[in-house]
Student: 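Here it is, the structure in full.
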There are 2 protein chains.
Amino acid sequence: MFHKVLIAEDLDSISIAVVQALEEISILEINHAKYCDDAFLKIKKALHDNQPYDLLISDLSFKPDHRENRLNSGEELIEAVKKAQPDIKTIVFSIEDKSFRIKSLFNNLGINAYVSKGRDSIPELKKAIQRIYNNEEIKPSAEISHALRDKSLFEIESYDISLLKSLSKGLTLEDISSEFKHSGIIPNGSSSLEKRINRLKIYFKASNNVHLIAITKDLGLV
Amino acid sequence: MFHKVLIAEDLDSISIAVVQALEEISILEINHAKYCDDAFLKIKKALHDNQPYDLLISDLSFKPDHRENRLNSGEELIEAVKKAQPDIKTIVFSIEDKSFRIKSLFNNLGINAYVSKGRDSIPELKKAIQRIYNNEEIKPSAEISHALRDKSLFEIESYDISLLKSLSKGLTLEDISSEFKHSGIIPNGSSSLEKRINRLKIYFKASNNVHLIAITKDLGLV
DNA sequence: ACCTCTTTTACGGTTTCCCGTAAAGAAATG
DNA sequence: CATTTCTTTACGGGAAACCGTAAAAGAGGT
(Lines give C-alpha, C1' and ligand atoms only; values in the text may rest on other atoms or scores of the structure.)
Protein backbone atom coordinates (compact mmCIF):
# COMPACT_ATOMS: atom_id res chain seq x y z
CA MET A 1 0.00 0.00 0.00
CA PHE A 2 1.01 3.65 -0.33
CA HIS A 3 3.37 4.79 2.38
CA LYS A 4 2.98 8.53 2.50
CA VAL A 5 -0.27 10.35 1.83
CA LEU A 6 -1.24 14.00 2.10
CA ILE A 7 -4.79 15.23 2.65
CA ALA A 8 -5.73 18.76 1.61
CA GLU A 9 -9.07 19.52 3.20
CA ASP A 10 -10.25 22.57 5.09
CA LEU A 11 -13.18 21.09 7.01
CA ASP A 12 -11.96 19.37 10.13
CA SER A 13 -15.13 17.32 10.29
CA ILE A 14 -14.20 15.68 7.02
CA SER A 15 -10.46 15.36 7.41
CA ILE A 16 -10.97 13.44 10.65
CA ALA A 17 -12.95 10.78 8.85
CA VAL A 18 -10.50 10.62 5.95
CA VAL A 19 -7.52 10.20 8.27
CA GLN A 20 -9.39 7.44 10.05
CA ALA A 21 -10.14 5.74 6.74
CA LEU A 22 -6.50 5.85 5.69
CA GLU A 23 -5.43 4.37 9.01
CA GLU A 24 -7.87 1.54 8.47
CA ILE A 25 -6.20 0.58 5.20
CA SER A 26 -2.85 0.70 7.00
CA ILE A 27 -1.23 3.71 5.49
CA LEU A 28 1.72 4.54 7.66
CA GLU A 29 2.36 8.20 7.17
CA ILE A 30 -0.68 10.43 6.93
CA ASN A 31 -0.42 14.18 6.85
CA HIS A 32 -3.06 16.82 6.63
CA ALA A 33 -3.23 20.47 5.57
CA LYS A 34 -6.12 22.89 6.00
CA TYR A 35 -4.86 25.33 3.40
CA CYS A 36 -3.71 24.76 -0.17
CA ASP A 37 -0.56 26.74 0.45
CA ASP A 38 0.35 24.56 3.42
CA ALA A 39 -0.29 21.44 1.39
CA PHE A 40 2.00 22.67 -1.36
CA LEU A 41 4.75 23.48 1.10
CA LYS A 42 4.53 20.01 2.60
CA ILE A 43 4.84 18.46 -0.85
CA LYS A 44 7.91 20.56 -1.61
CA LYS A 45 9.49 19.87 1.75
CA ALA A 46 8.98 16.12 1.34
CA LEU A 47 10.53 16.26 -2.13
CA HIS A 48 13.48 18.17 -0.81
CA ASP A 49 13.97 15.63 1.96
CA ASN A 50 13.90 12.83 -0.61
CA GLN A 51 10.81 11.37 1.03
CA PRO A 52 8.12 12.45 -1.42
CA TYR A 53 4.42 11.79 -1.03
CA ASP A 54 2.90 8.91 -2.96
CA LEU A 55 -0.61 10.26 -3.03
CA LEU A 56 -2.46 13.54 -2.64
CA ILE A 57 -6.13 13.56 -1.69
CA SER A 58 -7.54 17.03 -2.20
CA ASP A 59 -10.80 18.88 -1.86
CA LEU A 60 -11.70 21.41 -4.53
CA SER A 61 -13.12 24.37 -2.66
CA PHE A 62 -11.55 25.91 0.38
CA LYS A 63 -13.28 28.46 2.55
CA PRO A 64 -11.84 31.94 2.30
CA ASP A 65 -10.33 33.16 5.48
CA HIS A 66 -8.47 35.99 7.10
CA ARG A 67 -5.35 34.37 5.69
CA GLU A 68 -4.04 35.49 2.33
CA ASN A 69 -3.24 32.47 0.18
CA ARG A 70 -1.48 32.03 -3.10
CA LEU A 71 -3.37 28.86 -3.99
CA ASN A 72 -7.07 29.04 -3.39
CA SER A 73 -8.59 25.92 -4.86
CA GLY A 74 -7.92 22.26 -5.33
CA GLU A 75 -7.40 22.81 -9.04
CA GLU A 76 -4.68 25.36 -8.41
CA LEU A 77 -3.07 23.15 -5.80
CA ILE A 78 -2.99 20.08 -8.03
CA GLU A 79 -1.64 22.06 -10.95
CA ALA A 80 1.18 23.41 -8.82
CA VAL A 81 1.91 20.06 -7.23
CA LYS A 82 2.04 18.24 -10.56
CA LYS A 83 4.61 20.73 -11.78
CA ALA A 84 6.80 20.06 -8.77
CA GLN A 85 6.24 16.31 -8.67
CA PRO A 86 4.73 14.98 -11.91
CA ASP A 87 4.59 11.35 -10.83
CA ILE A 88 2.43 11.92 -7.74
CA LYS A 89 -0.97 10.24 -7.72
CA THR A 90 -3.96 12.46 -7.08
CA ILE A 91 -7.51 11.89 -5.93
CA VAL A 92 -10.07 14.66 -5.83
CA PHE A 93 -12.55 14.27 -2.97
CA SER A 94 -15.22 16.89 -3.33
CA ILE A 95 -18.91 17.57 -3.14
CA GLU A 96 -18.78 18.97 -6.64
CA ASP A 97 -20.97 17.00 -9.01
CA LYS A 98 -21.08 19.19 -12.08
CA SER A 99 -19.99 17.03 -14.98
CA PHE A 100 -18.28 19.93 -16.69
CA ARG A 101 -15.85 20.44 -13.85
CA ILE A 102 -15.18 16.77 -13.19
CA LYS A 103 -14.39 16.18 -16.83
CA SER A 104 -11.87 18.95 -16.90
CA LEU A 105 -10.16 17.49 -13.84
CA PHE A 106 -9.44 14.28 -15.69
CA ASN A 107 -8.64 15.95 -18.99
CA ASN A 108 -6.70 19.00 -17.93
CA LEU A 109 -5.15 18.04 -14.61
CA GLY A 110 -4.81 14.31 -15.19
CA ILE A 111 -6.13 13.31 -11.80
CA ASN A 112 -6.21 9.60 -11.05
CA ALA A 113 -9.63 9.40 -9.45
CA TYR A 114 -12.62 11.46 -8.48
CA VAL A 115 -14.67 10.55 -5.42
CA SER A 116 -17.82 12.50 -4.75
CA LYS A 117 -18.58 13.32 -1.12
CA GLY A 118 -21.88 11.66 -0.46
CA ARG A 119 -23.77 9.17 1.64
CA ASP A 120 -21.32 6.34 1.03
CA SER A 121 -18.13 8.09 0.06
CA ILE A 122 -15.62 6.78 2.58
CA PRO A 123 -15.85 3.19 1.27
CA GLU A 124 -15.61 4.59 -2.25
CA LEU A 125 -12.53 6.55 -1.31
CA LYS A 126 -10.88 3.43 0.09
CA LYS A 127 -11.67 1.51 -3.08
CA ALA A 128 -10.30 4.29 -5.27
CA ILE A 129 -7.04 4.31 -3.34
CA GLN A 130 -6.72 0.56 -3.67
CA ARG A 131 -7.39 0.72 -7.40
CA ILE A 132 -4.80 3.38 -8.02
CA TYR A 133 -2.25 1.47 -5.99
CA ASN A 134 -2.90 -1.60 -8.13
CA ASN A 135 -2.68 0.54 -11.25
CA GLU A 136 -6.13 -0.61 -12.24
CA GLU A 137 -8.18 1.15 -14.83
CA ILE A 138 -10.04 4.01 -13.21
CA LYS A 139 -13.71 3.37 -13.13
CA PRO A 140 -15.41 6.60 -12.24
CA SER A 141 -17.83 6.07 -9.39
CA ALA A 142 -21.32 5.16 -10.49
CA GLU A 143 -22.76 8.52 -9.51
CA ILE A 144 -20.69 10.41 -12.01
CA SER A 145 -20.12 7.95 -14.81
CA HIS A 146 -23.07 9.37 -16.69
CA ALA A 147 -21.47 12.78 -16.47
CA LEU A 148 -18.35 11.65 -18.27
CA ARG A 149 -20.36 10.14 -21.05
CA ASP A 150 -22.10 13.44 -21.62
CA LYS A 151 -20.35 14.49 -24.80
CA SER A 152 -22.30 17.65 -25.31
CA LEU A 153 -20.44 19.34 -22.51
CA PHE A 154 -17.28 19.33 -24.56
CA GLU A 155 -18.64 22.14 -26.62
CA ILE A 156 -18.52 24.77 -23.93
CA GLU A 157 -15.09 26.32 -24.17
CA SER A 158 -13.14 28.72 -22.09
CA TYR A 159 -14.20 31.46 -24.45
CA ASP A 160 -17.79 30.97 -23.39
CA ILE A 161 -16.77 30.97 -19.77
CA SER A 162 -15.02 34.33 -20.01
CA LEU A 163 -17.99 35.68 -21.88
CA LEU A 164 -20.37 34.52 -19.15
CA LYS A 165 -18.04 35.81 -16.47
CA SER A 166 -17.97 39.26 -18.04
CA LEU A 167 -21.72 39.26 -18.35
CA SER A 168 -22.13 38.30 -14.72
CA LYS A 169 -19.95 41.25 -13.77
CA GLY A 170 -22.62 43.53 -15.17
CA LEU A 171 -20.75 44.53 -18.30
CA THR A 172 -22.67 45.50 -21.39
CA LEU A 173 -21.99 43.95 -24.78
CA GLU A 174 -20.06 47.03 -25.85
CA ASP A 175 -17.99 46.82 -22.68
CA ILE A 176 -17.18 43.20 -23.31
CA SER A 177 -16.37 43.91 -26.93
CA SER A 178 -13.72 46.47 -26.01
CA GLU A 179 -12.49 44.33 -23.14
CA PHE A 180 -11.94 41.42 -25.49
CA LYS A 181 -10.27 43.65 -28.08
CA HIS A 182 -7.98 44.87 -25.36
CA SER A 183 -6.97 41.38 -24.27
CA GLY A 184 -6.72 40.07 -27.81
CA ILE A 185 -9.58 37.61 -27.48
CA ILE A 186 -11.38 36.92 -30.74
CA PRO A 187 -14.06 37.13 -31.91
CA ASN A 188 -14.81 40.42 -30.23
CA GLY A 189 -17.33 42.23 -32.41
CA SER A 190 -20.40 43.00 -30.36
CA SER A 191 -22.46 41.22 -32.96
CA SER A 192 -20.40 38.07 -32.61
CA LEU A 193 -20.69 38.21 -28.86
CA GLU A 194 -24.41 38.52 -29.30
CA LYS A 195 -24.49 35.48 -31.55
CA ARG A 196 -22.41 33.46 -29.15
CA ILE A 197 -24.61 34.39 -26.22
CA ASN A 198 -27.56 33.36 -28.28
CA ARG A 199 -26.02 29.96 -28.85
CA LEU A 200 -25.58 29.60 -25.12
CA LYS A 201 -29.15 30.67 -24.49
CA ILE A 202 -30.42 28.01 -26.85
CA TYR A 203 -28.10 25.44 -25.36
CA PHE A 204 -29.17 26.14 -21.80
CA LYS A 205 -32.76 26.90 -22.72
CA ALA A 206 -32.52 30.39 -21.23
CA SER A 207 -35.03 33.04 -22.19
CA ASN A 208 -32.73 36.02 -21.62
CA ASN A 209 -29.35 37.04 -20.26
CA VAL A 210 -30.49 37.11 -16.66
CA HIS A 211 -31.86 33.62 -16.97
CA LEU A 212 -28.68 32.44 -18.66
CA ILE A 213 -26.48 33.69 -15.87
CA ALA A 214 -28.75 32.18 -13.24
CA ILE A 215 -28.55 28.79 -14.95
CA THR A 216 -24.81 28.80 -15.52
CA LYS A 217 -24.21 29.99 -11.97
CA ASP A 218 -26.17 27.00 -10.77
CA LEU A 219 -24.08 24.73 -12.94
CA GLY A 220 -20.93 26.18 -11.45
CA LEU A 221 -19.67 27.37 -14.82
CA VAL A 222 -19.17 30.86 -13.50
CA MET B 1 -24.75 15.44 29.69
CA PHE B 2 -27.42 14.71 27.11
CA HIS B 3 -28.36 11.09 26.89
CA LYS B 4 -29.85 10.65 23.48
CA VAL B 5 -28.74 12.57 20.41
CA LEU B 6 -29.71 12.31 16.76
CA ILE B 7 -27.50 13.43 13.89
CA ALA B 8 -29.07 14.30 10.54
CA GLU B 9 -26.26 14.49 8.01
CA ASP B 10 -25.98 13.04 4.53
CA LEU B 11 -22.20 13.04 4.09
CA ASP B 12 -20.70 9.98 5.71
CA SER B 13 -17.33 11.68 5.89
CA ILE B 14 -18.82 14.26 8.23
CA SER B 15 -21.15 12.11 10.30
CA ILE B 16 -18.25 9.84 11.22
CA ALA B 17 -16.40 12.73 12.81
CA VAL B 18 -19.50 14.02 14.56
CA VAL B 19 -20.29 10.62 16.05
CA GLN B 20 -16.72 10.39 17.25
CA ALA B 21 -16.95 13.83 18.82
CA LEU B 22 -20.14 12.93 20.67
CA GLU B 23 -18.57 9.75 21.97
CA GLU B 24 -15.68 11.80 23.30
CA ILE B 25 -18.01 13.92 25.41
CA SER B 26 -19.59 10.71 26.69
CA ILE B 27 -22.98 10.81 25.11
CA LEU B 28 -24.47 7.36 25.53
CA GLU B 29 -26.96 6.97 22.77
CA ILE B 30 -25.98 8.38 19.39
CA ASN B 31 -28.06 7.80 16.30
CA HIS B 32 -27.57 8.94 12.78
CA ALA B 33 -29.76 9.43 9.71
CA LYS B 34 -28.67 10.17 6.16
CA TYR B 35 -32.05 11.47 5.05
CA CYS B 36 -34.34 14.04 6.62
CA ASP B 37 -37.28 11.68 6.37
CA ASP B 38 -35.40 8.97 8.25
CA ALA B 39 -34.41 11.45 10.93
CA PHE B 40 -37.98 12.53 11.38
CA LEU B 41 -39.17 8.94 11.68
CA LYS B 42 -36.57 8.24 14.35
CA ILE B 43 -37.72 11.25 16.33
CA LYS B 44 -41.33 10.10 16.12
CA LYS B 45 -40.48 6.54 17.02
CA ALA B 46 -38.48 7.65 20.04
CA LEU B 47 -41.35 9.84 21.19
CA HIS B 48 -43.78 6.98 20.80
CA ASP B 49 -41.52 4.70 22.84
CA ASN B 50 -41.34 7.32 25.58
CA GLN B 51 -37.61 7.66 25.08
CA PRO B 52 -37.41 10.95 23.20
CA TYR B 53 -34.23 12.52 21.89
CA ASP B 54 -32.66 15.33 23.90
CA LEU B 55 -30.84 16.94 21.02
CA LEU B 56 -30.93 17.06 17.24
CA ILE B 57 -27.83 18.04 15.28
CA SER B 58 -28.77 18.70 11.69
CA ASP B 59 -27.18 19.76 8.46
CA LEU B 60 -29.07 22.17 6.22
CA SER B 61 -28.62 20.88 2.71
CA PHE B 62 -29.00 17.26 1.71
CA LYS B 63 -27.95 15.91 -1.64
CA PRO B 64 -30.84 14.95 -3.88
CA ASP B 65 -30.98 11.31 -4.66
CA HIS B 66 -32.90 8.60 -6.43
CA ARG B 67 -35.03 8.50 -3.27
CA GLU B 68 -38.17 10.58 -3.12
CA ASN B 69 -38.32 12.43 0.18
CA ARG B 70 -40.96 14.45 1.90
CA LEU B 71 -38.48 16.59 3.82
CA ASN B 72 -35.60 17.88 1.75
CA SER B 73 -33.69 20.31 3.92
CA GLY B 74 -32.61 20.88 7.47
CA GLU B 75 -35.06 23.74 7.78
CA GLU B 76 -37.97 21.52 6.83
CA LEU B 77 -36.76 18.79 9.14
CA ILE B 78 -36.40 21.07 12.14
CA GLU B 79 -39.76 22.65 11.52
CA ALA B 80 -41.44 19.24 11.44
CA VAL B 81 -39.52 17.98 14.46
CA LYS B 82 -40.36 21.02 16.56
CA LYS B 83 -44.01 20.46 15.85
CA ALA B 84 -43.80 16.88 17.06
CA GLN B 85 -41.52 17.59 20.01
CA PRO B 86 -41.36 21.30 20.87
CA ASP B 87 -38.93 20.91 23.78
CA ILE B 88 -36.14 19.25 21.77
CA LYS B 89 -32.86 21.14 21.53
CA THR B 90 -31.49 21.76 18.08
CA ILE B 91 -28.10 22.59 16.66
CA VAL B 92 -27.57 23.40 13.01
CA PHE B 93 -24.20 22.20 11.73
CA SER B 94 -23.74 23.48 8.23
CA ILE B 95 -21.31 25.01 5.78
CA GLU B 96 -23.77 27.81 5.19
CA ASP B 97 -22.34 31.15 6.20
CA LYS B 98 -24.79 33.61 4.73
CA SER B 99 -25.95 35.82 7.55
CA PHE B 100 -29.38 36.10 6.04
CA ARG B 101 -30.06 32.41 6.38
CA ILE B 102 -28.46 31.96 9.79
CA LYS B 103 -30.49 34.80 11.23
CA SER B 104 -33.71 33.27 10.05
CA LEU B 105 -32.77 29.98 11.69
CA PHE B 106 -32.64 31.63 15.08
CA ASN B 107 -35.62 33.88 14.52
CA ASN B 108 -38.00 31.59 12.67
CA LEU B 109 -37.05 28.10 13.79
CA GLY B 110 -35.76 28.90 17.25
CA ILE B 111 -32.66 26.78 16.98
CA ASN B 112 -30.39 26.68 20.04
CA ALA B 113 -27.06 27.01 18.28
CA TYR B 114 -25.44 27.36 14.93
CA VAL B 115 -22.03 25.88 14.22
CA SER B 116 -20.40 26.58 10.92
CA LYS B 117 -18.46 23.73 9.32
CA GLY B 118 -14.95 25.01 9.02
CA ARG B 119 -11.34 24.46 9.94
CA ASP B 120 -12.02 24.16 13.66
CA SER B 121 -15.65 23.19 13.87
CA ILE B 122 -15.56 19.96 15.87
CA PRO B 123 -14.29 21.69 19.03
CA GLU B 124 -16.87 24.40 18.46
CA LEU B 125 -19.57 21.82 18.13
CA LYS B 126 -18.57 20.23 21.43
CA LYS B 127 -18.59 23.60 23.15
CA ALA B 128 -22.00 24.43 21.75
CA ILE B 129 -23.44 21.16 23.05
CA GLN B 130 -21.98 21.81 26.48
CA ARG B 131 -23.40 25.31 26.56
CA ILE B 132 -26.86 24.21 25.61
CA TYR B 133 -26.78 21.46 28.20
CA ASN B 134 -25.86 24.04 30.83
CA ASN B 135 -28.58 26.33 29.56
CA GLU B 136 -26.03 29.04 29.02
CA GLU B 137 -26.68 32.01 26.88
CA ILE B 138 -25.93 31.17 23.28
CA LYS B 139 -22.90 32.95 22.05
CA PRO B 140 -22.83 32.57 18.33
CA SER B 141 -19.45 31.34 17.18
CA ALA B 142 -16.96 34.08 16.44
CA GLU B 143 -17.09 33.53 12.73
CA ILE B 144 -20.73 34.45 12.46
CA SER B 145 -21.23 36.89 15.31
CA HIS B 146 -20.64 39.79 12.96
CA ALA B 147 -23.31 38.42 10.70
CA LEU B 148 -25.93 38.59 13.40
CA ARG B 149 -25.02 42.14 14.20
CA ASP B 150 -25.46 43.11 10.59
CA LYS B 151 -28.77 44.92 10.92
CA SER B 152 -28.97 45.93 7.32
CA LEU B 153 -29.76 42.40 6.34
CA PHE B 154 -33.09 42.67 8.05
CA GLU B 155 -34.24 44.78 5.18
CA ILE B 156 -34.13 42.05 2.61
CA GLU B 157 -37.48 40.38 2.91
CA SER B 158 -39.10 37.38 1.38
CA TYR B 159 -40.72 39.73 -1.09
CA ASP B 160 -37.32 40.60 -2.49
CA ILE B 161 -36.40 36.95 -2.62
CA SER B 162 -39.42 36.01 -4.70
CA LEU B 163 -38.72 38.95 -6.94
CA LEU B 164 -35.14 37.86 -7.46
CA LYS B 165 -36.23 34.26 -7.96
CA SER B 166 -38.68 35.29 -10.67
CA LEU B 167 -36.03 37.38 -12.36
CA SER B 168 -33.58 34.50 -12.32
CA LYS B 169 -36.17 32.33 -14.01
CA GLY B 170 -35.96 34.64 -17.00
CA LEU B 171 -39.29 36.36 -16.51
CA THR B 172 -39.75 39.90 -17.75
CA LEU B 173 -41.05 42.67 -15.52
CA GLU B 174 -44.47 42.39 -17.13
CA ASP B 175 -44.44 38.64 -16.54
CA ILE B 176 -43.60 39.11 -12.88
CA SER B 177 -46.22 41.81 -12.53
CA SER B 178 -49.00 39.50 -13.70
CA GLU B 179 -47.55 36.59 -11.75
CA PHE B 180 -47.66 38.63 -8.57
CA LYS B 181 -51.15 39.86 -9.32
CA HIS B 182 -52.19 36.28 -9.81
CA SER B 183 -50.77 35.14 -6.46
CA GLY B 184 -51.99 38.23 -4.62
CA ILE B 185 -48.53 39.55 -3.84
CA ILE B 186 -48.38 43.33 -3.51
CA PRO B 187 -47.03 45.64 -4.74
CA ASN B 188 -47.28 44.26 -8.22
CA GLY B 189 -47.28 47.21 -10.59
CA SER B 190 -44.41 46.84 -13.01
CA SER B 191 -43.22 50.26 -11.97
CA SER B 192 -43.10 49.23 -8.33
CA LEU B 193 -41.21 46.10 -9.20
CA GLU B 194 -38.79 48.26 -11.11
CA LYS B 195 -38.31 50.53 -8.13
CA ARG B 196 -37.76 47.61 -5.81
CA ILE B 197 -35.23 46.06 -8.12
CA ASN B 198 -33.49 49.39 -8.24
CA ARG B 199 -33.25 49.43 -4.45
CA LEU B 200 -31.67 46.01 -4.59
CA LYS B 201 -29.24 47.11 -7.28
CA ILE B 202 -28.12 50.02 -5.14
CA TYR B 203 -27.88 47.83 -2.07
CA PHE B 204 -25.78 45.18 -3.77
CA LYS B 205 -23.92 47.67 -5.97
CA ALA B 206 -25.09 45.95 -9.14
CA SER B 207 -24.96 47.76 -12.44
CA ASN B 208 -27.83 45.88 -14.08
CA ASN B 209 -30.20 42.95 -13.64
CA VAL B 210 -27.72 40.36 -14.84
CA HIS B 211 -25.16 41.62 -12.38
CA LEU B 212 -27.73 41.66 -9.60
CA ILE B 213 -28.67 38.04 -10.12
CA ALA B 214 -25.03 37.01 -10.31
CA ILE B 215 -24.35 38.70 -6.98
CA THR B 216 -27.38 37.37 -5.15
CA LYS B 217 -26.75 33.89 -6.52
CA ASP B 218 -23.29 34.08 -5.02
CA LEU B 219 -24.75 35.17 -1.71
CA GLY B 220 -27.10 32.22 -1.75
CA LEU B 221 -30.18 34.43 -1.60
CA VAL B 222 -31.62 32.74 -4.64
C1' DA C 1 -6.75 32.32 -58.65
C1' DC C 2 -11.51 31.02 -58.02
C1' DC C 3 -15.24 29.04 -55.76
C1' DT C 4 -17.40 27.28 -51.42
C1' DC C 5 -18.25 27.04 -46.79
C1' DT C 6 -17.74 29.01 -42.41
C1' DT C 7 -16.98 32.62 -39.27
C1' DT C 8 -17.15 37.21 -38.07
C1' DT C 9 -19.10 41.66 -38.30
C1' DA C 10 -22.60 45.16 -39.53
C1' DC C 11 -27.19 47.04 -39.62
C1' DG C 12 -32.19 47.92 -38.57
C1' DG C 13 -36.40 47.17 -36.04
C1' DT C 14 -38.67 45.70 -31.86
C1' DT C 15 -38.84 44.70 -27.04
C1' DT C 16 -37.26 45.16 -22.56
C1' DC C 17 -34.54 47.46 -19.32
C1' DC C 18 -33.14 51.65 -17.08
C1' DC C 19 -33.92 55.98 -14.78
C1' DG C 20 -36.08 60.25 -13.67
C1' DT C 21 -40.27 62.59 -12.65
C1' DA C 22 -44.85 62.95 -11.34
C1' DA C 23 -49.54 61.63 -10.25
C1' DA C 24 -52.67 58.73 -7.50
C1' DG C 25 -53.59 56.28 -3.44
C1' DA C 26 -52.95 54.88 1.52
C1' DA C 27 -51.52 55.69 6.09
C1' DA C 28 -50.26 58.69 9.78
C1' DT C 29 -50.53 62.99 12.32
C1' DG C 30 -52.55 66.84 14.46
C1' DC D 1 -61.18 66.69 8.39
C1' DA D 2 -57.10 68.67 6.43
C1' DT D 3 -52.25 68.10 5.92
C1' DT D 4 -48.30 65.66 5.63
C1' DT D 5 -45.72 61.64 4.47
C1' DC D 6 -44.94 57.34 2.47
C1' DT D 7 -46.12 53.87 -0.86
C1' DT D 8 -47.68 52.45 -5.13
C1' DT D 9 -48.48 53.27 -9.85
C1' DA D 10 -48.11 55.70 -14.33
C1' DC D 11 -45.60 57.77 -18.03
C1' DG D 12 -41.78 59.03 -21.22
C1' DG D 13 -37.30 59.11 -23.15
C1' DG D 14 -32.90 56.98 -23.86
C1' DA D 15 -29.88 52.77 -23.50
C1' DA D 16 -29.24 48.02 -23.97
C1' DA D 17 -30.88 43.62 -25.21
C1' DC D 18 -33.17 40.83 -28.59
C1' DC D 19 -33.72 38.89 -33.24
C1' DG D 20 -33.49 38.35 -38.10
C1' DT D 21 -30.98 39.30 -42.22
C1' DA D 22 -27.11 40.38 -44.95
C1' DA D 23 -22.52 41.88 -46.06
C1' DA D 24 -17.47 41.21 -45.25
C1' DA D 25 -13.63 38.51 -44.09
C1' DG D 26 -11.16 33.93 -43.59
C1' DA D 27 -10.18 29.05 -44.36
C1' DG D 28 -9.91 25.14 -47.29
C1' DG D 29 -10.14 22.71 -51.48
C1' DT D 30 -9.72 22.25 -56.49
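Protein chains get the first letters and strands the later ones, always in sequence-line order, with residue 1 at the start of each.
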Student: Nearest to the side chain of B:Ser192, which nucleotide is it out of D:dC19, D:dT9, C:dT9?
Tutor: D:dT9
Student: Between A:Phe180 (CZ) and C:dT7 (P), how many Å, whole number?
Tutor: 18 Å
Student: Taking the minimum atom-to-atom distance to the side chain of A:Lys201, which one of C:dC19, D:dT9, D:dC18 wins?
Tutor: D:dC18
Student: For B:Tyr133, does the OH atom have more than 12 heavy-atom neighbours from other residues, nucleotides or ligands under 6.0 Å away?
Tutor: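 12 or below, so no.
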Student: Examine the base of D:dC19 for any acceptor or donor lying under 3.5 Å from a partner atom in the side chain of A:Glu194, and report the outcome as yes or no.
Tutor: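 Yes, the side chain and the base share a sub-3.5 Å donor-acceptor pair.
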Student: Strictly below 4.0 Å: does A:Asn188 bring a side-chain N or O up to OP1 or OP2 of C:dT9?
Tutor: yes
Student: Is A:Lys44 atom NZ crowded by more than 12 heavy atoms from other residues, nucleotides or ligands, each under 6.0 Å away?
Tutor: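 12 or below, so no.
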Student: Whole angstroms only, please: what is the CG-P distance between A:Asn208 and C:dC17?
Tutor: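 For the pair A:Asn208 CG and C:dC17 P, the rounded distance is 7 Å.
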Student: To the nearest angstrom, how far is B:Arg196 atom CZ from C:dC18 atom P?
Tutor: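 My rounded result for the distance is 17 Å.
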Student: Please walk me through it: do B:Asp160 and B:Arg196 pass salt bridge (charged side-chain N to carboxylate O under 4.0 Å, His left out)?
Tutor: CA-CA 8 Å; B:Asp160 299 281; B:Arg196 193 74 169 230; 3.0 Å; yes
Student: Please classify the nucleic acid contact of A:Leu173 as base, sugar-phosphate, or nothing, using heavy-atom distances under 4.0 Å.
Tutor: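 Counting heavy atoms under 4.0 Å across all strands, the contact made by A:Leu173 is with sugar-phosphate only.
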Student: Say whether, by atom type as modelled, one donor and one acceptor occur between the side chain of B:Lys34 and the main chain of A:Arg119 under 3.5 angstrom.
Tutor: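 Yes: the side chain of B:Lys34 pairs with the backbone of A:Arg119.
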Student: Rounded to whole angstroms, how far apart are OH on B:Tyr159 and C1' on D:dT8?
Tutor: 10 Å
Student: Under 3.5 Å, is there a donor-acceptor pair between the side chain of A:Lys63 and the main chain of B:Lys117?
Tutor: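 Yes.
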Student: Heavy atoms from C-beta onward define the side chain here; which of C:dT16, C:dC18, D:dT9 lies closest to that of B:Thr172?
Tutor: C:dT16
Student: Tell me: CD1 of A:Ile176 to P of D:dA16, nearest whole Å?
Tutor: 12 Å
Student: Which sits closer to the 5' end of DNA chain D, A:Leu171 or A:Ser191, going by the nucleotide each is nearest to?
Tutor: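 Closer to the 5' end of DNA chain D: A:Leu171.
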Student: Whole angstrom is fine here: how far is it from CD1 in B:Ile197 over to C1' in C:dC19?
Tutor: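 That distance rounds to 13 Å.
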Student: Between atom CZ in A:Arg199 and atom P in C:dT8, what is the gap in whole Å?
Tutor: 10 Å
Student: Which nucleotide in the set D:dC11, D:dT21, C:dC18 lies at the smallest distance from any side-chain heavy atom of B:Asn209?
Tutor: C:dC18
Student: Can you tell me how far C1' of D:dA10 sits from NZ of B:Lys181, to the nearest Å?
Tutor: 11 Å
